[in-house]
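What follows is a short report on a single structure.
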Amino acid sequence: MSTTGPRLPPLPAGEWSDVLTRVLENSPGGTDEPMHIFTTLGRADPELFRRWLGFGGALLAGNLPGRLRELVILRTAARFGGRYEWAQHIGLAVEQGVTPGELVAVSNGDDAVDAVEWSPLERAALRAVDETADDGIVSDGTWAVLAEDLEESDLIELLMLIGHYMMLTTVLGSLRIALEPRAEALAQSVPGGPAA
């Protein structure tokens, strides 16, 4: 990621809409250390911003188990160079039972991932992220394993989760959105992961 600073500065407090203010009040850091993702994407058309919040929120409150969701988000962010999303989800992953060793594994290369004893569903979900990164599509073999444990709607949700965080990592990277100090400290607490 470039170190030349954000392409669009975060909106200052005096320019926050009511929607943005409510989002920040319920986010880590609150309004004292507002999350740059929201204060930057809040510059978008208000209707686009509102709908994106709804879509992202639906994925975070979806039907996939929380632990699986966070593993997939972390791996997607790691594979697509999304330091911002990776750092933001470290704490969420820990809350869902992801261990420090598992955080390091999903944040690093294939050898690190392979060294962990994942459940068959978790291993297949992580493989789905890797196949999406490498080939742009989930293989039939991985799909078959996922389909053993997930309903059709959950399979679609998993693919949308991968796609959404792939999109976010590229959007945030192109905007050069910087981590807040709180999130940067989290990022530095886990070896590996996307580069600063």
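Values reported hereafter were calculated over all heavy atoms of this structure, with side chains retained and with hydrogens, waters and symmetry mates removed. Owing to the predicted nature of the structure, the values given are computational and were not obtained by experimental measurement.
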Counting only pairs under 3.5 Å, give me each side-chain donor-acceptor contact of residues 185-196, with atom names and distances, residues two or more places apart or in other chains.
| from | atom 1 | to | atom 2 | distance (Å) |
| --- | --- | --- | --- | --- |
| Q188 | NE2 | E184 | OE2 | 2.9 |
| S189 | OG | L186 | O | 2.6 |

For residues T4 and R176, is any side-chain donor paired with an opposing acceptor at under 3.5 Å?
-> yes
Within 6.0 angstrom of D135 CG, more than 12 heavy atoms from elsewhere | yes
Group every Ile, Leu, Val, Met, Phe, Trp and Tyr by side-chain heavy-atom contacts under 4.5 Å, then state whether I90 and L179 land in the same group.
-> no
R83 versus Q88, side-chain donor and acceptor atoms under 3.5 Å = no
Quick one: does L59's side chain get under 4.5 Å of L64's, heavy atoms only?
-> no
R75/D110 ion pair, N-O < 4.0 Å | yes
Spell out, yes or no, whether M166 and L155 are grouped together once hydrophobic residues are joined by side-chain heavy atoms under 4.5 Å, including indirect joins.
-> no
Per the side chain to side chain donor-acceptor pair (under 3.5 Å) rule, which among R69, Q96, E70 passes with H89?
-> E70
Side-chain touch E15/L20, heavy atoms, less than 4.5 angstrom | no
Could you tell me which non-hydrogen atom of P9 sits nearest to which non-hydrogen atom of R43, and how far apart they are?
-> O-NE, 2.6 Å
Between CE on residue M35 and CG on residue N26, distance to nearest 0.5 Å | 12.0 Å
Please report the closest heavy-atom contact between A105 and A112, naming both atoms and the distance.
-> CB-O, 3.4 Å
Here the pair of heavy atoms bringing P10 nearest to T40 is CA-OG1, 3.8 Å
Interatomic spacing from OH in Y165 to OG1 in T132 - rounded to 0.5 Å = 15.5 Å
Does the side chain to side chain contact (heavy atoms under 4.5 Å, CB included) test come out yes or no for L41 and L175, once each step is laid out?
-> CA-CA 9 Å; L41 296 184; L175 289 171; 3.8 Å; yes
Mutual orientation of the aromatic rings belonging to F38 and W52 [parallel < 30°, tilted 30-60°, perpendicular > 60°] = tilted
Exam field: side chain Y84 to backbone H36, donor-acceptor pair closer than 3.5 Å | yes
Over 12 non-hydrogen atoms of neighbours within 6.0 angstrom of CG in D134 = yes
Do R67 and E102 meet the salt-bridge criterion of a basic N to acidic O distance under 4.0 Å?
-> yes
Please name the pair of heavy atoms, one in A133 and one in F80, separated by the smallest distance, quoted to 0.1 Å.
-> CA-CZ, 3.5 Å
Taking everything shown except E151 itself, do over 12 heavy atoms lie less than 6.0 Å from its CD?
-> no
Check E131 against S139 and note the closest heavy-atom contact, atom names and distance.
-> OE1-N, 2.8 Å
Is there a side chain to side chain contact (heavy atoms under 4.5 Å, CB included) between R123 and D114 once you walk through the steps?
-> CA-CA 9 Å; R123 184 169 295 284; D114 291 341; 3.6 Å; yes
In V98, L103, V113, the residue satisfying side chain to side chain contact (heavy atoms under 4.5 Å, CB included) with L71 is V98
Report yes or no: do W16 and T39 form a side-chain donor-acceptor pair below 3.5 Å?
-> no
Less than 4.5 Å apart, any side-chain heavy atom of R7 and any of S174?
-> yes
Shared ILVMFWY cluster between V72 and V116, side chains joined below 4.5 angstrom?
-> no
Heavy-atom closest pair, residues A128 and T142 | N-CG2, 3.9 Å
Interatomic distance, CG@L159 vs NE2@H164, rounded to 0.5 Å, equals 14.5 Å
Could E25 and R22 be called an ion pair, given the rule that one side-chain N must be under 4.0 Å from one carboxylate O?
-> no
If you group Ile, Leu, Val, Met, Phe, Trp and Tyr by side-chain heavy-atom gaps below 4.5 Å, do L11 and V171 land in one group?
-> yes
For the atom pair OG (S119) and CG (D149), what is the distance rounded to the nearest 0.5 Å?
-> 7.5 Å
Could you give the distance from CD1 (I73) to CD1 (I162), rounded to the nearest 0.5 Å?
-> 10.5 Å
Between CG on residue L158 and OG on residue S153, distance to nearest 0.5 Å = 11.5 Å
CE/M160: more than 12 non-hydrogen atoms of other groups inside 6.0 Å = no
Would L121 and V106 show up in the same hydrophobic cluster when neighbours are defined by side-chain heavy atoms closer than 4.5 Å?
-> no
Does a donor on one side chain sit under 3.5 Å from an acceptor on the other, for T169 and E85?
-> no
